[in-house]
2 protein chains.
Amino acid sequence: MELSLRITLNEKLYLKNPEESILGRKIVTDGLKLINTLGFEDFTFKKLAQAIETTEATIYRYFENKHRLLVYLVNWYWTYLEYKVMIQLTNITDAKEKIKRIISALVIPASNDFSNQYIGEKEVFDLVMYEGSKSYLTRSVANNNKDQLFKPYKDLCARISLVITEVNPKYKYPHSLASTLVEMSHAQKFFRLNLPSLTDFAKDKNDKSIVAFLEHMVLETLKK
Amino acid sequence: MELSLRITLNEKLYLKNPEESILGRKIVTDGLKLINTLGFEDFTFKKLAQAIETTEATIYRYFENKHRLLVYLVNWYWTYLEYKVMIQLTNITDAKEKIKRIISALVIPASNDFSNQYIGEKEVFDLVMYEGSKSYLTRSVANNNKDQLFKPYKDLCARISLVITEVNPKYKYPHSLASTLVEMSHAQKFFRLNLPSLTDFAKDKNDKSIVAFLEHMVLETLKK
DNA sequence: TAATATTGATAGTATTACTATTGTTTATGT
DNA sequence: ACATAAACAATAGTAATACTATCAATATTA
């Protein structure tokens, strides 16, 4: 059986749905790779056009500007992650076990479960780690928020906060703890790789210690 | 008595020390304000030059580019904050009390204790909240790190992690918890103002609930 | 087969992110 | 008080960025 999950994103993100053409998917796939290679600041539609042998103007027919492409990719990731978390939690009854599974899903980019996707999980994880917060750290947050551009991120946090409440119904800050968890699952990894003295993890080691750190923090915070 | 603290920053941050001339200080002061007004992406040296009635070329004599100016301002803030924290902790012996004071210092932009500075604390707090992570989320992190451009941030985290260890000497992740605390003191405030559903704080309310959230999280995490 | 949508090719504009040069003002040292 | 160096203003110029517009060629679909 071929598992193919279709992720449908907010229409305001694009001018023309990139999923509906080969070229559109190429813009997304190769755009992701090129942003990861150059960094978002140095990435331009012109460079992408050259890389995929099309023209700048053509890319502009799909996305208003590069920031929209970034938000598109980041949203793809959050939507994907919410789905992944949902699957990871099916048939699990113990709330603490749920938390542990959420943290693993957040920190460890998957075993390419859905690798038939045209967007690679490891790549989009890296993108979110390096560029994710640039999607909302702008003067247009308010407007973008009105257009629901952050809905996937909020939905994920809302889902996590429900599990938090399940662990401890009296805990007063489930949403903040959820957003802290999500943010830190990326920031701590970025720090481990680039500014290791901000962490207690060796640069060369794997992500297990990050998982341990976050699990401990969240579960201790939720103790009754 | 006039209290004037002199913050000396890494020489690699500038081409010409802006503290040493009226114009230099104006570049820093008004640059800070203009970045806050326009957002870092839309801020340019040309616009700043017009605002302070000088020329682009003159500003380039002080700072290599706008990113360096950003890092300069962010470093100023971390250095200032470490100093502020240091003062807040003098004569305090109880480690938990120290943590509480650190959190207050992080979350609540000061009562303008040192308002004779040419850099305003509230403004530089806003800058760090909105643009701070852009100082390290670049492809040049590694190089910038080699040039010690993140030392003030690391020093602050190191100092906080010492207090964390004081609270619980057996706790295994003092640095990660410190960087989590610092990051979240800004992120949660940004969320409260711009994406409130990621928090449990009302948009209009003050910062007390953020302090309470962070205090609870850190102190519970450190319980023996 | 006609109509329509998609892409390619080309061109053009305003702005950005700089660098270079030259001349004028301002500060400093003797 | 005067020379000399440093700081700054004024101007000009360049390559790249972030777009927009037009028109023709090619698919797609009705």
Side-chain angles (χ1 to χ4, degrees), chain A residues 11-31 34-35 37-73 118 131 134-135 137-140 143-144, chain B residues 11-32 34-35 37-73 118 131 134-135 138-140 143-144:
Chain A
E11 284 184 10
K12 301 230 172 176
L13 284 167
Y14 47 77
L15 300 170
K16 194 168 129 56
N17 192 340
E19 274 193 286
E20 281 170 8
S21 71
I22 296 168
L23 183 65
R25 288 190 292 272
K26 218 170 156 42
I27 288 169
V28 171
T29 315
D30 291 57
L34 198 57
I35 295 173
T37 306
L38 302 175
F40 187 64
E41 285 73 27
D42 287 346
F43 167 83
T44 69
F45 277 177
K46 184 160 209 176
K47 289 172 187 168
L48 177 57
Q50 276 157 0
I52 64 176
E53 287 178 310
T54 182
T55 59
E56 236 184 318
T58 301
I59 299 175
Y60 275 107
R61 284 204 193 92
Y62 285 86
F63 292 99
E64 223 176 305
N65 52 52
K66 68 175 182 172
H67 187 259
R68 286 290 157 120
L69 173 59
L70 176 65
V71 180
Y72 181 93
L73 288 162
Y118 65 105
E131 323 288 356
K134 294 172 194 168
S135 64
L137 288 176
T138 64
R139 298 295 127 160
S140 46
N143 282 328
N144 289 341
Chain B
E11 285 184 9
K12 300 230 172 176
L13 284 168
Y14 47 78
L15 300 170
K16 193 167 132 56
N17 193 340
E19 274 193 285
E20 281 169 8
S21 71
I22 297 168
L23 184 64
R25 288 190 293 272
K26 217 171 157 41
I27 289 169
V28 171
T29 316
D30 291 56
L32 168 57
L34 199 56
I35 295 174
T37 305
L38 302 175
F40 187 64
E41 286 72 26
D42 288 346
F43 167 84
T44 69
F45 277 177
K46 184 158 208 176
K47 290 172 186 168
L48 177 56
Q50 276 158 1
I52 63 177
E53 286 179 310
T54 182
T55 60
E56 237 183 316
T58 301
I59 299 175
Y60 275 107
R61 282 205 196 89
Y62 285 86
F63 292 99
E64 225 175 304
N65 53 52
K66 67 175 182 173
H67 187 259
R68 285 292 157 119
L69 173 58
L70 176 66
V71 179
Y72 181 93
L73 287 162
Y118 65 105
E131 322 289 356
K134 294 172 193 168
S135 65
T138 65
R139 299 295 126 160
S140 46
N143 282 327
N144 289 342

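Labels below follow one simple rule: chain letters A, B, ... track the order of the sequence lines, proteins then strands, and each chain is numbered from 1.
As rounded to whole Å, 14 Å separates atom P of D:dT28 from atom CD of A:E20. For the pair A:K16 NZ and C:dA5 C1', the computed distance is 8 Å after rounding to whole Å. In this entry the distance linking CZ of A:R25 with P of C:dT6 reads 14 Å, nearest Å. In this structure, A:K26 atom NZ and C:dT7 atom C1' are separated by 15 Å, rounded to whole Å.
Among the atoms of the strands shown, none is found under 4.0 Å from any heavy atom of B:F63.
With sequence neighbours excluded, the residues that form a ring pair (Phe, Tyr, Trp, His ring centres under 6.0 Å) with A:F63 are A:Y72. The side chain to side chain contact (heavy atoms under 4.5 Å, CB included) test applied to A:S140 returns A:T138, A:N144, not counting sequence neighbours. With sequence neighbours excluded, no residue forms a salt bridge (charged side-chain N to carboxylate O under 4.0 Å, His left out) with B:K16. The side-chain hydrogen bond (donor to acceptor under 3.5 Å, both in side chains) search around B:S21 returns B:Y62, not counting sequence neighbours. Judged as a side-chain hydrogen bond (donor to acceptor under 3.5 Å, both in side chains), and not counting sequence neighbours, the contacts of A:R139 are B:E131. Under the rule for a side-chain hydrogen bond (donor to acceptor under 3.5 Å, both in side chains), the partners of B:Y14 that lie at least two apart in sequence or sit in another chain are B:N17.
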In a table with atom names and distances, give each donor-acceptor pair under 3.5 Å that connects a side chain of residues 24-31 of chain A to protein atoms at least two apart or in another chain.
from  : atom 1 : to     : atom 2 : distance (Å)
A:R25 : NH1    : A:E19  : O      : 2.7
A:T29 : OG1    : A:R25  : O      : 2.7
A:T29 : OG1    : A:Y118 : O      : 3.3

Let me have the donor-acceptor pairs involving side chains of residues 39-48 of chain A, under 3.5 Å, with sequence neighbours excluded, atom names and distances please.
from  : atom 1 : to     : atom 2 : distance (Å)
A:E41 : OE1    : A:K134 : NZ     : 3.2
A:E41 : OE2    : A:K134 : NZ     : 3.1
A:T44 : OG1    : A:K46  : N      : 3.4
A:T44 : OG1    : A:K47  : N      : 3.1
A:K47 : NZ     : A:D42  : O      : 2.7

Listed pairs under 3.5 Å, donor-acceptor, residues 49-58 of chain B side chains, sequence neighbours left out:
from  : atom 1 : to    : atom 2 : distance (Å)
B:T55 : OG1    : B:T58 : N      : 3.4
B:T55 : OG1    : B:T58 : OG1    : 2.9

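Neither OP1 nor OP2 of D:dC8 sits under 4.0 Å from any side-chain N or O of B:T58. Side-chain nitrogen and oxygen atoms of A:Y62 include none within less than 4.0 Å of the OP1 or OP2 phosphate oxygen of C:dT6.
Axis deviation across the helix from C:dT1-D:dA30 to C:dT30-D:dA1 amounts to 30°, comparing end segments of five pairs, rounded to 10 degrees.
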When you check every protein heavy atom under 4.0 Å of nucleotides 15-22 of chain C, what one-letter string (B, S, -) results, 5' to 3'?
-SBBBB--
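The heavy-atom pair separating A:V71 from A:S135 by the smallest distance is CG2-CB, 4.0 Å.
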Kindly give the atom pairs (protein nitrogen or oxygen, nucleotide nitrogen or oxygen) under 3.5 Å for nucleotides 23-26 of chain C.
none

